[in-house]
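The structure under discussion appears below in the form of structure tokens.
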Amino acid sequence: MLKAINKLGKGARMVGAVGTSSLPVVIIGGLLYAAFFVKAEPTTGELKARPLERRDAFYGVVAPGGATLWAAGSNGKIVRSEDGGTTWGVQDSPVVSHLQSISAWDAQRAVAVGNRGLVVVTADGGKTWKEVKVPHSEVANKLLQVHTYADGVAWAVGELGAVLKTTDYGATWTRALEEKDQAWNDIAFIGQAGWLVGEFGQILRTTDGGQTWAPVQSPVKSSLMSVSFRDALHGVAVGLAGTVLVTSDGGASWKDVPPLTREHLNCVIWDGAGWVAVGDKGIRVSAGPEADNWKAGRISDQDLSWHTQIVKVADDYVLAGANLALLHKDELRILGRD
């Protein structure tokens, strides 16, 4: 009897030993099961992406009036501000390719253009954006700039000589010029007078609202990136390697301004009181109403990023490019970095 009890005790101890030794295997198996098959449920406290992130680049910005701003850029991102750029909200975009430019007829209707010939429009303040079809080339289609005008008119320009026009707030587009092995980088209109600038210093001029265009002799061979007029006679064009051209006869002839910088200039505007142009490495050049006595310098010693556009909002400027920035009395604040 004692032997039987001893055998039973020994057997029980053996079973206990086996059970204890198998615990690590059970635990590891449970962890592996959880890792592969158990998915965590999202919680309401998860962090959301910020409207303006460090990785964002915004190539275009527009101020349709009041404190409203729109900006468009990398990966089809579109953001809007209702308070002059202090706060921003992301709008749903139907595209993921880069948007190069944005313009607006008013606070409700806007258009943005970009890579692959993309054109997107909104008629409800950006609550909904939709892509529209436009004439395409078999070779290249990037659209680089778009500008809106009265009565639903807009012009978009880009690669392979693309010059597109709409007269119905972006619903339909037609090609205004034949394909050409060069890019048009910008377009501007004052009434029926219009100007095109592009690669290799090329300039075209129209006096009949864009029905016909004529070439104008250019004093430079470097690409012109932007053009702006303050009235039908006085205008400025800027481009690569610090190029600045001025005209006082409606663009019939242009004069090259002595070099101010070697940095590329990407955008020039008439701000109501003078001329302002911005470009690479934080460069800014400016002049008075007569486009003389030009000055060049850095926007800020704290920011040497590239800028593709500048717009005037009240007493401030908003800049697009490697970031969105607000310039107030020569103090630059990078938006979204607070």
Side-chain angles (χ1 to χ4, degrees), residues 47-93 96-104 107 110 112 114-115 126 144-146 225-226 228 238 242 260-269 271-286 295-338:
L47 293 175
K48 295 183 179 180
R50 301 177 65 184
L52 306 181
E53 301 181 276
R54 289 182 179 272
R55 65 188 177 188
D56 292 333
F58 291 97
Y59 306 114
V61 61
V62 64
T68 300
L69 291 166
W70 260 304
S74 55
N75 303 311
K77 191 168 187 176
I78 303 173
V79 295
R80 177 173 165 125
S81 173
E82 303 286 357
D83 54 15
T86 301
T87 60
W88 296 80
V90 179
Q91 298 190 326
D92 289 335
S93 172
V96 294
S97 293
H98 296 343
L99 294 172
Q100 301 289 338
S101 178
I102 187 169
S103 189
N115 293 8
L144 301 168
Q145 195 63 255
V146 63
M225 305 303 294
S226 178
S228 180
V238 301
L260 301 161
T261 176
R262 294 300 299 170
E263 304 297 347
H264 300 331
L265 296 173
N266 301 317
C267 177
V268 62
I269 64 168
D271 70 1
W275 300 95
V276 182
V278 294
D280 291 356
K281 297 182 181 177
I283 193 67
R284 172 178 57 174
V285 299
S286 59
K295 298 178 181 179
R298 302 291 179 188
I299 297 173
S300 170
D301 291 336
Q302 308 303 316
D303 180 63
L304 300 180
S305 59
W306 48 270
H307 299 290
T308 52
Q309 195 163 9
I310 181 171
V311 297
K312 185 76 178 292
V313 182
D315 295 328
D316 301 329
Y317 296 94
V318 179
L319 297 102
N323 47 56
L324 277 180
L326 185 68
L327 182 62
H328 175 72
K329 295 181 179 179
D330 290 333
E331 293 185 6
L332 189 71
R333 179 166 68 92
I334 308 299
L335 301 176
R337 300 287 176 87
D338 299 332

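Values below: all heavy atoms of this structure, side chains included; hydrogens, waters and symmetry mates excluded. Each residue takes its place number in the sequence, starting with 1.
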| For residues Asp280 and Asn266, is any side-chain donor paired with an opposing acceptor at under 3.5 Å? | yes

| query | Any ion pair linking Arg284 and Asp330 (charged N to carboxylate O, less than 4.0 Å)? | reply | yes

| field | With Glu331 via salt bridge (charged side-chain N to carboxylate O under 4.0 Å, His left out) - residues at least two apart | value | none

| said: Working to the nearest 0.5 angstrom, can you tell me the gap between Thr261 OG1 and Ile283 CD1? | reply: 4.0 Å

| request: Could you check if a side-chain atom of Gln91 sits within less than 4.5 angstrom of a side-chain atom of Val79, using non-hydrogen atoms only? | output: no

| request: Working to the nearest 0.5 Å, report the span between NZ of Lys77 and OG of Ser93. | output: 11.0 Å

| When rounded to the nearest 0.5 angstrom, what distance separates CD in Gln145 from OG in Ser101? | 3.5 Å

| request: Using the side-chain contact (heavy atoms from CB on, under 4.5 Å) rule, take Val285 and Lys295 through it: C-alpha gap first, then chi angles, then the decisive distance, then the call. | output: CA-CA 5 Å; Val285 299; Lys295 298 178 181 179; over 6 Å; no

| Do any pairs count as a salt bridge (charged side-chain N to carboxylate O under 4.0 Å, His left out) and have a residue in residues 305-315, sequence neighbours left out, and if so which ones? | none

| request: Report yes if the side chains of Asn323 and Phe58 come closer than 4.5 Å at any heavy-atom pair, otherwise no. | output: no

| said: Can you classify the ring geometry of Trp306 versus Tyr59 as parallel (below 30°), tilted (30 to 60°) or perpendicular (above 60°)? | reply: parallel

| task | Go through the steps for His328 and Asp316 under the test side-chain hydrogen bond (donor to acceptor under 3.5 Å, both in side chains), then give the verdict. | result | CA-CA 5 Å; His328 175 72; Asp316 301 329; 2.5 Å; yes

| field | By salt bridge (charged side-chain N to carboxylate O under 4.0 Å, His left out) - contacts of Asp92 (at least two apart) | value | none

| task | For residues Ile78 and Val90, determine if any side-chain heavy atom of one lies less than 4.5 Å from a side-chain heavy atom of the other. | result | no

| Quick one: does Leu319's side chain get under 4.5 Å of Ile299's, heavy atoms only? | yes

| Interatomic spacing from NZ in Lys281 to CD in Glu263 - rounded to 0.5 Å | 4.5 Å

| Just how far is it from atom CG of Leu327 to atom CG of Leu332, taken to the nearest 0.5 Å? | 6.0 Å

| note | The reported gap from CD1 in Ile269 to OG in Ser286 (rounded to nearest 0.5 angstrom) is 11.0 Å

| message | Can you confirm whether Leu69 sits close enough to Val62 that some side-chain heavy atom of one is under 4.5 Å from a side-chain heavy atom of the other? | response | no

| What are the two closest heavy atoms between Ala110 and Trp70, and how far apart are they? | CB-CZ3, 3.5 Å

